[in-house]
> 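Okay, here's the structure, questions in a sec.
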Amino acid sequence: MSRPPVRYWQPPGETVERLAESGATGALHGEAGTVHLADGWVVHVESDKALGLAGLLTASGRVPAEVWQETVRTSGPDCRVGRALLEQGRLTRGELEICHLGALYDAAFFVLCARSTMTWFEPGARHWLGPVRRVSARTLRRESVRRRDVLERIWPWPQLDSSPVVPVPAGHRLSGPRTRVPAPNRRQRELLAHADGRRTPGDLARLLGRSAFSTTVDVRRLAAAGLVATPFGTAPAPGLAAAPHGPGPGPEGAAEPAGPPPASPLDADTVEITLAGLERRVPGAALAAVPGGLAAARRRAEPRPPRRPTHAAAQPLSVNDPDIALLHRVRTALEARL
């Protein structure tokens with residue numbers, strides 16, 4: 001007999017940690033998506049704001065859409081879609097884990113950043129994908145906070161994340177020796193080519209079969225460079241509370257489930273860093289911020305976005321790690337439909 005759902009009225013990140021502490025199994029549903037847990041570990045996250053595993057694999061051409069649909073139909077009721085793809089030889093274990101964790105962290109960013117605090121938990125619910133990788137609730141929340149901070153350091157204007165992407169005509173861009181901007185890379189040029197003034201970053205990510213977070217990063221960098229219009233008005237404050245860092249319980253007293261995660265050829269922390277901020281390390285991927293802001297180029301009478309002394313767009317971070325670089329190339333190849 002199924003148990004009735006349980007409602008919570010607190011930030012989603014705190015609720016996930018609370019459920020993890022109790023070793024819960026089930027699905028936490030919220031405004032922006034669903035977090036699936038098994039024995040206190042997060043095993044899957046999905047959101048309509050992010051491209052899921054199905055979209056990533058089918059849009060990249062790695063798994064044909066008809067094969068995916070048939071596999072979900074036959075293996076979904078038994079919650080073994082992931083295992084079935086491996087048995088069919090459609091994916092290697094490493095490919096499945098990379099794509100699964102990429103989709104998980106991508107969706108978690110939007111779910112945990114949701115401004116609504118009302119969620120409800122469905123005890124015992126299992127996801128049709130089946131076990132692939134599991135992540136601690138604290139790690140998930142900490143990574144979502146880190147992603148939010150990365151975006152703020154690039155260009156502190158959250159409205160860009162949900163507004164239509166409007167390219168700035170070349171004649172309206174600032175020019176001169178003080179405003180030299182590196183040419184957009186291939187990914188950014190493709191974004192600009194498909195930005196029609198109506199599609200949001202999420203729409204573009206689904207259209208191009210890309211990570212929603214990496215697309216949002218590119219849009220903020222293009223805005224910082226003056227190549228994409230920055231919407232004016234009051235920018236909403238980020239909706240995610242700070243996450244605990246370091247060992248020990250966080251402010252809510254949440255504890256991670258006992259026992260190590262299952263063995264895997266990939267280290268979860270390495271993969272999470274790789275999939276969360278890949279563009280930070282690519283030379284030339286970050287575009288320099290334009291002094292004076294976009295308003296000076298387009299509408300001199302309108303107020304400018306707030307300026308900071310430095311942005312990640314002007315000082316791109318770098319990680320000299322060959323393993324991370326390799327994983328980046330794998331994901332980029334998938335998104336390029338190779």
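This is a predicted model, so every value here is computed, not measured.
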> Can you check whether V165 reaches L191 side chain to side chain, under 4.5 Å on heavy atoms?
no

> Donor-acceptor check, side chain of T15 to backbone of P11, threshold 3.5 angstrom: yes or no?
yes

> On a heavy-atom basis, which atom in A32 and which in S47 lie closest, and how many Å separate them?
O-OG, 2.5 Å

> Does the distance from a Lys or Arg side-chain N to an Asp or Glu carboxylate O, for E152 and R220, drop under 4.0 Å?
yes

> Applying the side-chain contact (heavy atoms from CB on, under 4.5 Å) criterion to H44, which one of V35, L37, L129, V132 satisfies it?
L129

> What about V72 and V67, same hydrophobic cluster or not, with Ile/Leu/Val/Met/Phe/Trp/Tyr joined at side-chain heavy-atom distances under 4.5 Å?
yes

> The test is salt bridge (Lys or Arg N to Asp or Glu O under 4.0 Å); show your working for E97 and R93 and say whether it passes.
CA-CA 6 Å; E97 291 185 357; R93 180 74 187 183; 2.9 Å; yes

> So R90 and P64, do their side chains get closer than 4.5 Å, heavy atoms only?
yes

> Do any N or O atoms from the side chain of Q188 and from the backbone of N185 form a donor-acceptor pair under 3.5 angstrom?
yes

> Any idea which heavy atoms bring G76 and W128 closest together, and the distance?
O-CB, 3.7 Å

> Taking the side chain as every heavy atom from C-beta outward, state whether T34 and V111 have any atom pair closer than 4.5 Å.
no

> Kindly give the heavy-atom pair with the smallest separation between P131 and C79, and that separation in Å.
CD-O, 4.2 Å

> Check the surroundings of atom CZ in R199: do more than 12 heavy atoms from other residues, nucleotides or ligands lie under 6.0 Å from it?
yes

> State, without any angle test, whether S211 and D106 hold a side-chain donor-acceptor pair at a distance under 3.5 Å.
yes

> To the nearest 0.5 Å, what is the distance between CZ (R187) and OG1 (T215)?
6.5 Å

> Answer whether the closest heavy-atom distance between the side chains of M118 and R7 falls below 4.5 Å.
yes

> Can you tell me how far the CG atom of D218 sits from the CD1 atom of I154, to the nearest 0.5 Å?
8.5 Å

> Quick one: pull up OG1 in T25 and NE2 in H36 and give me the separation to the nearest 0.5 Å.
12.5 Å

> Supply the atom-to-atom distance L85 CG to W68 CH2, rounded to the nearest 0.5 angstrom.
5.5 Å

> Nearest 0.5 angstrom please: L57 CG to T71 OG1, how far?
10.5 Å

> Of the non-hydrogen atoms in T58 and A65, which two are nearest, and what is the gap between them?
CG2-CA, 3.9 Å

> For the residue pair D203 and T200, confirm or rule out a side-chain donor-acceptor distance under 3.5 Å.
yes

> Distance check, rounded to the nearest 0.5 Å: L51 atom CG versus L204 atom CG?
12.5 Å

> If hydrophobic clusters are built by linking Ile, Leu, Val, Met, Phe, Trp and Tyr wherever their side-chain heavy atoms come under 4.5 Å apart, do L208 and V219 end up in the same one?
yes

> If I compare all heavy atoms of A205 with all of A212, which pair ends up nearest, and what's the gap?
CB-CA, 3.8 Å

> For R18 and E14, run salt bridge (Lys or Arg N to Asp or Glu O under 4.0 Å): C-alpha distance rounded to whole Å, both residues' side-chain angles, the deciding distance at 0.1 Å, then the answer.
CA-CA 6 Å; R18 178 177 174 181; E14 296 180 15; over 6 Å; no

> The test is side-chain contact (heavy atoms from CB on, under 4.5 Å); show your working for L151 and F213 and say whether it passes.
CA-CA 9 Å; L151 291 175; F213 177 74; 3.8 Å; yes

> Does R147 make a cation-pi contact with Y105, if we ask for NZ or CZ under 6.0 Å from the ring centre and within 45° of the axis?
no

> Any chance you could lay out the side-chain contact (heavy atoms from CB on, under 4.5 Å) test for T119 and V16, step after step, and finish with the verdict?
CA-CA 10 Å; T119 57; V16 172; over 6 Å; no

> Return the set of residues passing salt bridge (charged side-chain N to carboxylate O under 4.0 Å, His left out) with E87 (not counting sequence neighbours), or none when no residue passes.
R80

> Are any of the side-chain heavy atoms of L160 and P231 separated by less than 4.5 Å?
yes

> How close do A108 and S144 get, heavy atom to heavy atom, and via which atoms?
O-OG, 3.7 Å

> Assess the residue pair T216 and F109 against the criterion (side-chain contact (heavy atoms from CB on, under 4.5 Å)); give the C-alpha distance rounded to whole Å, side-chain angles, the decisive distance to 0.1 Å, and a yes or no.
CA-CA 12 Å; T216 303; F109 173 71; 5.9 Å; no

> Taking T139 for the side chain and V135 for the main chain, is one N or O donor matched with an acceptor at less than 3.5 Å?
no

> Side chains of P5 and F121: closer than 4.5 Å at any heavy-atom pair?
no

> May I have the step-by-step check of side-chain contact (heavy atoms from CB on, under 4.5 Å) for R141 and R138, ending in yes or no?
CA-CA 5 Å; R141 190 171 175 213; R138 187 176 293 120; 5.9 Å; no

> Applying a strict under-4.5 Å side-chain criterion to I, L, V, M, F, W and Y, I'd like to know whether L28 and V43 cluster together.
no

